[in-house]
Amino acid sequence: MKCRFFLLDVNEAHDAEKPTVRLWGVDDEGHRIAILATQIKPYFYIVPAKNVELKSIRERLLKSHGESIETAQVTEEGKKLLGQERTVLKVTCSDYEAVNRYSREIPRLLVGAQCYEQDIRLSVRYIIDYTLTPCGWNQCDVDEADLGGLRVNRAYVASSVVASVRKEEDEAPKLRVMGFSLLTASERGSAKAERDPVRAIAAVTNSGESRTFVNEGDNDSAALNEFAFFVNQFDPDIIVGFENNRLDWPYLIERAKLRNVRLNVGRDGSDPHSSLFGHVSVAGRANLDVADIAGGFPEIKVKTIENFAKYLQVSSARKITTIEEFDRFKLWTEKLGRERLLQDVHLRAQVSLELAEATINFPMQLSTLTGLTLDQVVAAAVGFRVDSYIMREAWLQGELIPPRNEQPFFTYRGAIVLEPKTGVHENVAVLDFTSMYPSLMEKYNLSPDTFVKPSEKALEDSVFVIPDVGYKFRKKPDGFYRTVIRALLTQRKKVKVELETLEEKSTRHKVLRERERALKIITNACYGYAGWVGARWYVREVAESAAALGRDTITKTISKADSLELPIIYGDTDSIFVQNDPEKIKELTAWAKRELDLEIRVAHKYVRVLFTEAMKRYAGLQPDGTLDIVGLEVVRGDWSDISRQVQERVLESILLDRSTENAVQHVRTTIRRLQNGEVPIADLTIRKTLTKPIEDYQVRSPHVEVAKKLLKQGWYLAVGDKISYVITKGKGKLFEKAEPYAQVKQDQVDVEYYLENQVKPAAMRILELFGVSEKQLAD
DNA sequence: GCTGACTGCCTACCT
DNA sequence: ACAGGTAGGCAGTCAGCG
């Protein structure tokens, strides 16, 4: 029989006798299903040195591995190695161990031979080889099988190879989603799993169920058991939480281990386990961390669940309040406090669920596009998303997938940034080259397989010579990156065309909008990927050439604008800010299309725009009356709110009201409030991220010293955490006066510091352009 | 012993 | 753990200084 299913998760069955890939999903009728596929066996390729007789290799190989002839099968296959057609040996093994054993021995056994694709896991292999569509519909012939302990409605054995059903318009089935959140509290510092029991676990489902498993005493076994039972009973397809990968799951796993409780919430009965991209994986389900999704919203500076909820305006957003970790234990010991905590943990689960539902379309499209499962694609960094996407492309083209190997790293010259014309400019247009780097890579065929090594000879006419760096790339045939980028650009164009024809509210429009975003993200990351040492297709010269062509492009464009007498105010990488002169802009755009074969679009229009002397920092008034603030303190997460607010008001006064006087007045008022102790501590807090382990820091800086203090007090801190501190009165260096913000009282604040090093500099950065002196602020 | 110029570390930003 | 380019704060060093 045929089974058509929406693919949610893929893993390997380690308990099976032979290598088995398990596909988890939801079928046409809404049944949760598992398909066991044993058609595929682990394999790898051997690329022998050139001019070596393959037959003899094959025989030598089988002879030297006498004991394993039965376990390996060697066949010849035509593949490409960086575009070069090669006949290679495919070694199919009975298990992984054999893959590892043979692929390690082969270079010793056969001089000059190299192994490929031995690092690709079977589950990945399956998705690639059969072009499966995660978060999409797939089908295959199946035979019904015994459930064998799997927690699904139907288990099957695949009797044919699984294939994706290319019907991307099809909606996802109705999926069961569960949000959860953990409450912990400790008498001193952060709760530690080895010491402090779970206080409560809240779970909320998208079918309206809501449970909170409370543990009042020291023994949390019951709460853990009940939670695991509830998960299995509700049987979610998607599990979400906020920072659940980093905090909730590891804590639960550790407590379960201590209490000897099974957290067997996987659909195969397994426990959650840490997985490939530093996330926690639950077999057969997609466990997602909403914090990872929040990471894709750079406009949210401090990635808390509260901020994310407010930003997206999910329905429970206004109910959510912040309870400091500092206050939690005390609240837990009080009756009312405990009620509040329980309400809070429930709300967090609820908000996680709402946030996931509001944002999940994009990761789903990204999953379909890249071939990573939903949980993986959410957890994976950009580089690995591109990696996954192009591995599939490589396989489709018969190109061998190179390993991810360690290599030396050199930086190279990047983009050009222009010195801005300082001051206020009226009526300005920002012109952008659309997808400049990928377009240049495509146009000049920049690719590892077309790159002409300095030692190689090439006919002058047959190559592109890259300006400035002098690298050469063959014009023919199409390079690997060219085919990849072309495919991405074409797909995106197609999606855009279809979007035009759709109702904005239709489901398909929503899906395609996210699909277009996914295509855009992957396309634009190709340049960075090519220059990333971790990339499988890393060739520095490719990225370096793209950067050089970018500089050439923007330089030529500036010359052209000059010759058109179109004044340029500023420019960065692939954009130039010019006087909004539609006629001349039209001419420039036409020139770019004709001479450079690149598209320029008007990305922004500013009624007025203000530049300080610095690059990458400006503020513009948009036609709709809102300010677009770039690079300045207002948009930086490491300045106190009071300085950001004052600078924003200054910019508003100047750009919107055109009144320096109002700006100055506002600064004076703020200074007075500060001096009177009327500015709350929260607005004085400075946040900085810990970017490495404490012991790796070479200097003593405020946030590092505060982090040390917190660690000493027993708080749990990890790389990536934001340290919030306030500068207090006292003697010495700033790092000696910085204190954890939750522990500072109003009268301890070093008002002088906030005046001289926060508020005044932020305000003066703008005001000094208008001849305002610092003295005038004090009046 | 203090001051100011300068350097390097560090974070967060821009395209 | 996609790239390089840039701003700007703070700590620390060191020359110069009656």
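Proteins come first, then strands; the chains are lettered A, B, ... in the order of their sequence lines, and each starts at number 1.
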What is the distance, to the nearest angstrom, from the [atom1] atom on [X] to the [atom2] atom on [N]?
{"X": "A:R551", "N": "C:dG4", "atom1": "CZ", "atom2": "C1'", "value": "10 Å"}
{"X": "A:F410", "N": "C:dA3", "atom1": "CZ", "atom2": "P", "value": "15 Å"}
{"X": "A:M615", "N": "C:dG8", "atom1": "CE", "atom2": "C1'", "value": "14 Å"}
{"X": "A:M441", "N": "C:dA3", "atom1": "CE", "atom2": "C1'", "value": "11 Å"}
{"X": "A:W639", "N": "C:dA7", "atom1": "CH2", "atom2": "P", "value": "15 Å"}
{"X": "A:D292", "N": "C:dA1", "atom1": "CG", "atom2": "P", "value": "12 Å"}
{"X": "A:L549", "N": "C:dG4", "atom1": "CG", "atom2": "P", "value": "17 Å"}
{"X": "A:E768", "N": "C:dA7", "atom1": "CD", "atom2": "P", "value": "14 Å"}

In plain terms, say whether [X] and [Y] are close enough for a salt bridge, that is, a side-chain N and a carboxylate O under 4.0 Å apart.
{"X": "A:R492", "Y": "A:E516", "value": "yes"}
{"X": "A:D572", "Y": "A:K616", "value": "yes"}
{"X": "A:E633", "Y": "A:R636", "value": "no"}
{"X": "A:R246", "Y": "A:D721", "value": "yes"}

Among residues 753-766 of chain A, which residues get a heavy atom nearer than 4.0 Å to DNA chain C?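 Hits under 4.0 Å, by residue number: A:Y753, A:N757, A:R765.
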Can the ring centroids of [X] and [Y] be said to lie less than 6.0 angstrom from one another?
{"X": "A:F464", "Y": "A:F473", "result": "no"}
{"X": "A:W537", "Y": "A:Y481", "result": "no"}
{"X": "A:F297", "Y": "A:F308", "result": "yes"}
{"X": "A:Y725", "Y": "A:Y741", "result": "no"}

In terms of side-chain heavy atoms of A:W532, which of C:dG8, C:dA3, C:dG5 is nearest?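 Per side-chain heavy atoms of A:W532, the pick is C:dA3.
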* A:F409 side chain: which of C:dC2, C:dA11, C:dG4 is closest? ->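 Looking only at side-chain atoms, A:F409 lies closest to C:dG4.
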Any idea which heavy atoms bring A:V280 and A:N287 closest together, and the distance?
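For A:V280 and A:N287, the tightest heavy-atom pair comes out as O-ND2, 2.9 Å.
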Need one value for [X]: base, sugar-phosphate or nothing, where a base atom within 4.0 Å counts as base even if backbone is also close, heavy atoms only.
{"X": "A:W537", "result": "nothing"}
{"X": "A:G531", "result": "sugar-phosphate"}
{"X": "A:A543", "result": "nothing"}
{"X": "A:R385", "result": "nothing"}
{"X": "A:G528", "result": "base"}

Report yes or no: does [X] contribute a side-chain atom to a donor-acceptor pair with the main-chain N or O of [Y] at less than 3.5 Å?
{"X": "A:E541", "Y": "A:F451", "value": "no"}
{"X": "A:K692", "Y": "A:V719", "value": "no"}
{"X": "A:S643", "Y": "A:A762", "value": "no"}

Protein heavy-atom contacts under 4.0 Å, written 5' to 3' over nucleotides 10-15 of chain B as B (base), S (sugar-phosphate only) or - (none), form the string SBBSBS
At what angle, to 10 degrees, do the two end axes of the helix from B:dG1-C:dC17 to B:dT15-C:dA3 meet, given five pairs define each axis?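 Overall, the helix from B:dG1-C:dC17 to B:dT15-C:dA3 bends by 20° from one end axis to the other.
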